[in-house]
Amino acid sequence: MLASLFTKTLYDQRRGLLGWSVSLVLLVGMYVVLWPSLRDQPSMSDFLKQMPEAFRYLFAATGADMSTPVGYVQVELLSFMGPIAVLVYAIGVGVAVIGGEEDHHTMDLLLANPVGRTRVVLEKFTALALGTFLLAAVTGVSLVGLGSFADMNLPAGDVAAAMLHLALLGVVFGALALTLSASTGRTGLSRGIPAVVAVVAYVVNALAPLVDWLDPFQKLSPYYQYIGHDPLREGVDGPSVLVAVATVAVLLGLAVLGFRRRDIAA
Amino acid sequence: MNELAPVRLTLLRKQFGEGVALDGISLTLEPGEVFGYLGPNGAGKTTTIRLLLGMLRPTSGQAQVFGLDSWRQPVEVHRLVGYVPGESALYGRLTGRQHIAFFDHLRGRDDRAEATALAARFDVDLGRPARTLSRGNRQKLAIVLAVMSAPRLLILDEPTSGLDPLVQQEFHALLGEYTGDGGTVLFSSHVLGEVQRVADRIGVIRRGRLIAVERLQELRARSLHRIRASFLEEVSAEDFAGIRGVQDLSIGDRSLRCSAPQYALDALLKQVSRRSVIDFECAETDLEETFLGYYGPGDTGSDTVTETHGGETDAG
């Protein structure tokens with residue numbers, strides 16, 4: 001497991017990854033268990049329809065519809081809990097791999113070996129990305145697998161597409177946290193800014209249909225790339241994937257530049 | 001030859017915001033020497049070392065290792081250097097063996113045999129996670145990790161501060177073998193006692209300035225001897241006052257007390273033996289005292305230097 005900086009970073013995350021995986025499986029399991037009783041209550045859909053428009057956009061996705069398995073999963077898991085879990089993980093790792101290692105005084109030890117700072121950033125990012133994709137995969141597999149017990153019959157291809165977009169959302173914010181921690185070494189700031197940006201991006205995407213002046217900004221929100229095209233019904237959206245990948249590439253470039261220029265904290 | 005100096009600092013300066021941590025340090029280490037880098041805590045020792053490793057970017061000036069620029073060519077520099085960080089920081093959850101495997105990978109080497117031998121020599125348990133080790137054992141593990149890849153330069157930031165005297169001795173022996181094979185050592189400490197038995201030269205840094213560099217042999221030659229003599233007859237101060245180097249002269253009732261460096265001993269003894277002597281005592285003061293006599297306890301770190309004085313110095 002310690003055969004490279006990349007696997008070492010994953011190895012360091014093993015407890016976190018295991019914990020988050022178990023939590024996500026339990027979360028999915030809970031939604032699956034609740035499905036049969038909710039399905040038989042048409043009032044749930046009415047309830048959604050009766051919500052003030054702003055609330056519906058904020059707390060549910062567009063086209064919210066609790067009467068079908070796809071609509072149910074979209075409202076309950078994809079629009080809120082899933083992204084939160086993935087973001088908390090990715091941002092946490094993005095902060096820990098650079099700034100956290102400085103806080104633990106191990107960065108000197110690592111960098112005193114013949115490894116360039118560029119390589120440190122890239123290998124640690126790769127581990128972050130893989131971990132995030134792993135969590136999304138666990139969520140997707142448990143959705144399809146556990147869902148089959150409750151006859152939810154979720155289309156595996158579309159679930160995979162939604163999970164791909166979910167993972168990309170996490171990687172974008174993880175990369176933002178990594179960039180901040182690589183360029184400043186400050187863990188609080190590197191955790192706080194992505195959290196605030198995530199909330200703003202969420203609100204912008206959710207309320208843009210209702211607020212005219214937000215509209216031009218909607219497409220900039222990583223949430224829009226994630227869920228704006230309704231991946232659970234429409235599958236993978238190429239342009240959205242490209243935007244996410246390009247964002248990550250730019251952030252990584254900045255992380256490398258920032259990390260190479262600055263003093264490492266002792 | 002100059003380009004290949006193991007360490008070469010040229011007017012090295014480092015500012016953190018408004019504070020000047022290093023104020024233009026120039027220093028060259030010779031191949032095969034152990035250089036003791038001394039100064040109170042906060043004087044700039046660690047800053048120098050971290051500039052030398054390319055962790056910090058110099059505000060001006062240059063740090064070079066075997067002719068390579070520490071900031072611009074850190075990877076090449078690190079290939080030649082073994083480093084023991086001051087905090088003896090390790091990955092808390094990794095065992096010694098895992099540290100060795102990880103560093104082997106990062107260095108592209110297989111030093112397991114060497115590391116295992118070193119660990120046995122220093123009695124380090126490689127099977128336990130680093131966070132369960134005592135401070136001394138963590139330090140020993142950090143030493144194993146720095147030395148195992150047979151680097152050409154060892155940079156040690158207070159490597160022995162947590163070690164007991166027996167282990168320190170073993171470590172000094174290791175450094176002897178290492179320099180015997182052509183290795184060079186930069187060894188920082190806030191007490192002379194820690195380095196005096198291994199260092200060939202010492203440099204004293206205070207408030208970011210290198211205030212002295214000297215051969216330990218020369219410092220020893222200047223170290224003072226305390227002399228007491230009692231005589232059968234009255235003696236006068238004039239008989240001794242003229243001897244070059246004699247200090248703190250006090251003449252009592254048929255007795256003499258003074259301090260004198262090595263070179264003054266011959267003249268002093270000859271003067272003493274012109275009288276009838278009852279008793280004569282001559283004791284060498286330890287190096288630490290001589291050192292403090294020359295460089296003073298310092299303004300910022302007097303407590304650090306004097307407090308620790310005496311613990312290790314008397315054994316040499």
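Below, read A as the first sequence line, B as the second, and so on, with proteins coming before strands; counting in each chain starts at 1.
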Exercise. Which residue pairs pass the salt bridge (Lys or Arg N to Asp or Glu O under 4.0 Å) test when at least one of the two sits in residues 248-266 of chain A, sequence neighbours left out?
Worked result: A:E102-A:R262, A:D263-B:K14
Counting only heavy atoms closer than 4.5 Å, note whether [X] contacts chain A via side chain, backbone, both or neither.
X: B:Y83; answer: side chain
X: B:R107; answer: both
X: B:P85; answer: side chain
X: B:L90; answer: both
X: B:R93; answer: side chain

Exercise. Between A:A112 and chain B, which part of the residue has a heavy atom less than 4.5 Å away: side chain, backbone, both or neither?
Worked result: both
Are there more than 12 heavy atoms of other residues, nucleotides or ligands under 6.0 Å from atom [atom1] of [X]?
X: A:R14; atom1: CZ; answer: yes
X: A:F133; atom1: CZ; answer: yes
X: B:R121; atom1: CZ; answer: yes
X: A:F149; atom1: CZ; answer: no
X: A:R186; atom1: CZ; answer: no

Return the [atom1] to [atom2] distance between [X] and [Y], rounded to the nearest 0.5 Å.
X: B:Y91; Y: A:D12; atom1: OH; atom2: CG; value: 7.0 Å
X: B:F103; Y: A:L2; atom1: CZ; atom2: CG; value: 10.5 Å
X: A:N113; Y: B:H105; atom1: CG; atom2: NE2; value: 9.5 Å

Exercise. Using a cut-off of under 4.5 Å for heavy-atom pairs, which of A:M107, A:R117, A:H104 has the most such pairs with chain B?
Worked result: A:R117
Exercise. Is the closest side-chain heavy-atom distance between A:I264 and B:R50 below 4.5 Å?
Worked result: yes
Problem set entry | Nearest non-hydrogen partners of A:T106 and B:A89, listed with the distance | N-CB, 4.4 Å
Problem set entry | Summary of ring-ring contact (aromatic ring centres under 6.0 Å, His included) pairs that have at least one residue in residues 165-194 of chain A, sequence neighbours excluded | A:H165-A:H229
For this session: Using a cut-off of under 4.5 Å on heavy-atom pairs, state which of B:L145, B:L94, B:I155 scores highest against chain A.
Result: B:L94
For this session: Keeping the roles fixed (side chain from B:H78, backbone from A:L111), state whether a donor-acceptor pair exists under 3.5 Å.
Result: yes
